[in-house]
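The next block holds one structure in the form of structure tokens; read it before the comments.
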Amino acid sequence: MPSEGRCWETLQALRSSDKGRLCYYRDWLLRGEDVLEECMSLPKLSSYSGWVVEHVLPHMQENQPVSETLPSSASASALDQPSFVPKSPDTSSAFSPASPATPDGTKEGLRQWQEEQERKVRALSEMASEQLKRFDEWKELKQHKEYQDLREVMEKSSREALGHQEKLKAEHRHRAKILNLKLREAEQQRVKQAELERLRKEEGQVRLRALYALQEEMLQLSQQLDASEQHKGLLKVDLAAFQTRGNQLCSLISGIIRASSESGCPTAESQAEAERALQEMRDLLMNLGQEITRACEDKRRQDEEEAQVKLQEAQMQQGPEAHKEPPATSQGPGGKQNEDLQVKVQDITMQWYQQLQDASMQCVLTFEGLTNSKDSQAKKIKMDLQKAATIPVSQISTIAGSKLKEIFDKIHSLLSGKPVQSGGRSVSVTLNPQGLDFVQYKLAEKFVKQGEEEVASHHEAAFPIAVVASGIWELHPRVGDLILAHLHKKCPYSVPFYPTFKEGMALEDYQRMLGYQVKDSKVEQQDNFLKRMSGMIRLYAAIIQLRWPYGNRQEIHPHGLNHGWRWLAQILNMEPLSDVTATLLFDFLEVCGNALMKQYQVQFWKMLILIKEDYFPRIEAITSSGQMGSFIRLKQFLEKCLQHKDIPVPKGFLTSSFWRS
């Protein structure tokens, strides 16, 4: 456009004006008030303003506003010029083309032009103000947008952080779960190892107890072998060979037990070797017994032949005279006691004792597979059967007869193969082929243990336990034999049998044979020993006189009062033991004396008189001053019974009214 070049000329003119050449100082305030005089004077038009009006403004009005053609600073500078632009002939014609240019007309035009410029300035100011507002709004919007973007970034970061945290937590939980599983597996493994170790120790203890039982039986057989010394003159074989082999077998078992004790766990091979040695000892004793029997038969026939010959010779010498009978030499419980009593038990009694022990050992061997099984199911069956057999026996009491009958029926059902409830589960001996043997053995063992513990502490408990044991014995005879085997093993005086000490025997082994409990080389106190023996003798005395009231009365008692009479007679035919014999005699007579009195009447009273007159001095002779308590208690009891000619009914005896409760 033609005006663009003139705009630059105008700007150059303004820059060359006085105000354009002004110098500005920062310290103008220090110069005083005179610096403001020029600013406070009235504005004056430049000498070039006419030219500007004539040549610039018309084009700017036609094409665009002044604000778009000139910068605001240039316009303001042009208006504020203090000098006037020289007037040209064309300037006046721009304000008034019809009239000639005059100073008043020029001023009026300039005034109008100034007003127009002021309006435009105000418009521009307003427009600038609006633009400033828009700029502020745009800036505020931008800030809000940036804030929103920042907030979204922060929220996104927060979400990512939370997601990462959750992921870490999940990983932590997973690792913790894996760690817990590993710990649980390790604990289960430890428990399993501990259980295996416990089972191994239990099996070792069972084998060790079995070895002790084998050794005990071996020692008893060795005693029987030594007892055959009295038949040495009759035998045609060398008895020393039997004794030497017997001693070798005893030493063999002792060596096995010693090695097992050192290793801490006997092996099955050791137990089998000991059993073979015991069986060989039995065979040895059996062969010796056969030899003795044959020798005795030969001696008896020889004696009979010699006696017959002597009798014939006497008849030939004396003629038809009558021959007197020889005087009776013996004695029995009612006759006069020989001066020299026996020390050892009679052979027939010892054979009976050995048969019971053999039967008990055979029973143990029968269910050995069940007790030594490592199968978890077999172990569970074994524990259930043991609980089903022993718990009812522990519940026996004198609360009521009906309660006692329930216990009896439960035991009878178990032995009969019927399922019974135990510990919330159904249990039957048919669950395992060896179940019946195991239950019979454990039941018999529990009956004897109740005598050893419960009856020893509460004497009245002997009768309810005994009546149940007697009823079970009648229906299941094998249980009765096992009861006797356990009783004889724990209390040899119930045979009666007084074990003798052999040279070379360990003192602890001999004490165990006598019935003492030996733990860690410490023997139990004498009072506790007598208490346990007393409990078992009282249970035995109660069993032989009681019968199950709901049984078959036509059947005889499986182990009745005749065995009590036999026991009492054999005790009186043996030398007494200090403290033991007096205690057991008192316990036996206090429990069973009334029943024996009613059964044997006069013969029984004769036996009591024999005890008082002949046996008391023997007991008193071997009893020390510190052990006189049991002797005095027995003596006072017998003297009172003989004085009143009656033996009282024992305390706790079950009457007919009890069975109606």
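Being a predicted model, the structure only gives us computed values, none of them experimental.
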Main-chain N/O of Gln421 paired with Lys410 side-chain donor or acceptor, under 3.5 Å: yes
Working for side chain to side chain contact (heavy atoms under 4.5 Å, CB included), residues Leu443 and Leu415: CA-CA 10 Å; Leu443 183 63; Leu415 293 171; 3.7 Å; yes
Show, in sequence, the C-alpha distance, side-chain angles and deciding distance for Leu608 and Leu589, and conclude whether the side chain to side chain contact (heavy atoms under 4.5 Å, CB included) test is met. CA-CA 10 Å; Leu608 294 188; Leu589 291 174; 4.3 Å; yes
Under 4.5 Å between any side-chain heavy atoms of Leu482 and Trp473, yes or no? no
Would you list the pairs meeting salt bridge (Lys or Arg N to Asp or Glu O under 4.0 Å) in which at least one residue belongs to residues 168-181, sequence neighbours left out? none
Derivation and outcome, salt bridge (Lys or Arg N to Asp or Glu O under 4.0 Å), residues Asp481 and Arg478: CA-CA 5 Å; Asp481 292 341; Arg478 191 185 184 194; over 6 Å; no
Parallel, tilted or perpendicular: which fits the ring planes of Trp659 and Tyr550, with parallel below 30° and perpendicular above 60°? perpendicular
We want to know whether Glu460 and Thr398 form a side-chain donor-acceptor pair, criterion being a heavy-atom distance below 3.5 angstrom. no
Check the pair Glu195, Arg198 against salt bridge (Lys or Arg N to Asp or Glu O under 4.0 Å), reporting the backbone distance first and the verdict last. CA-CA 5 Å; Glu195 180 67 16; Arg198 185 184 65 80; 2.4 Å; yes
His559 (side chain) donor-acceptor with Ser470 (main chain) under 3.5 angstrom: no
Is any side-chain heavy atom of Tyr493 closer than 4.5 Å to a side-chain heavy atom of Leu577? yes
Check whether any side-chain heavy atom of Leu199 sits under 4.5 Å from a side-chain heavy atom of Lys374, and report yes or no. no
Ignoring hydrogens and angles, tell me if any N or O in the side chain of Ser360 forms a donor-acceptor pair with the backbone of Leu356 under 3.5 Å. no
Ile396 and Val393: CA distance, side-chain angles, deciding distance, side chain to side chain contact (heavy atoms under 4.5 Å, CB included) verdict: CA-CA 5 Å; Ile396 295 175; Val393 179; 4.3 Å; yes
Determine yes or no for a side-chain-to-main-chain donor-acceptor pair under 3.5 angstrom, with His412 supplying the side chain and Ile472 the backbone. no
Would the distance check show the side chain of Gln545 and the main-chain N or O of Ala595 forming a donor-acceptor pair, the cut-off being under 3.5 Å? no
Does Trp565 reach the side chain of Leu561, with side-chain heavy atoms less than 4.5 Å apart? no
Would the distance check show the side chain of Ser494 and the main-chain N or O of Ile537 forming a donor-acceptor pair, the cut-off being under 3.5 Å? no
With no hydrogens and no angle check, just 3.5 Å: does a side-chain donor-acceptor pair link Asp283 and Gln279? yes
Shortest non-hydrogen contact from Cys363 to Asp437? SG-O, 3.6 Å
Any side-chain heavy-atom pair from Phe463 and Leu546 closer than 4.5 angstrom? yes
Is it true that Gln526 and Tyr516 share a donor-acceptor pair across their side chains at a distance under 3.5 Å? yes
N/O donor-acceptor pair under 3.5 Å between Ser534 side chain and Leu530 backbone: no
Kindly indicate whether the side chain of His459, heavy atoms from C-beta on, has any atom under 4.5 Å from the side chain of Lys651. no
May I ask you to test the Trp567-Pro496 pair for a side-chain heavy-atom distance under 4.5 Å? yes
Regarding Ser416 and Ser413, is there a side-chain donor-to-acceptor distance under 3.5 Å anywhere? no
Is it the case that the side chain of Ser428 and the backbone of Leu431 share a donor-acceptor pair, with hydrogens and angles ignored and the cut-off at 3.5 Å? no
So if I apply the side-chain hydrogen bond (donor to acceptor under 3.5 Å, both in side chains) rule between Ser394 and each of Gln450, Glu454, Lys449, Lys446, which one comes out positive? Lys446
Looking at Ser630 and Ala582, would you say the former's side chain and the latter's main chain have a donor-acceptor pair under 3.5 Å? no
Give the C-alpha distance, both sets of side-chain angles, the deciding distance and a yes or no for side chain to side chain contact (heavy atoms under 4.5 Å, CB included) between Phe438 and Asn432. CA-CA 10 Å; Phe438 179 75; Asn432 189 281; over 6 Å; no
For Glu452, run the salt bridge (charged side-chain N to carboxylate O under 4.0 Å, His left out) check against Lys489, Arg532, Lys531 and tell me which one passes. Arg532
Nearest heavy-atom contact between Ala542 and Val591 is N-CG1, 3.8 Å
Backbone N/O of Gln377 and side chain of Asp375: donor-acceptor pair under 3.5 Å: yes
So Leu365 and Glu275, do their side chains get closer than 4.5 Å, heavy atoms only? yes
Thr371 and Lys382: side-chain donor and acceptor closer than 3.5 Å? no
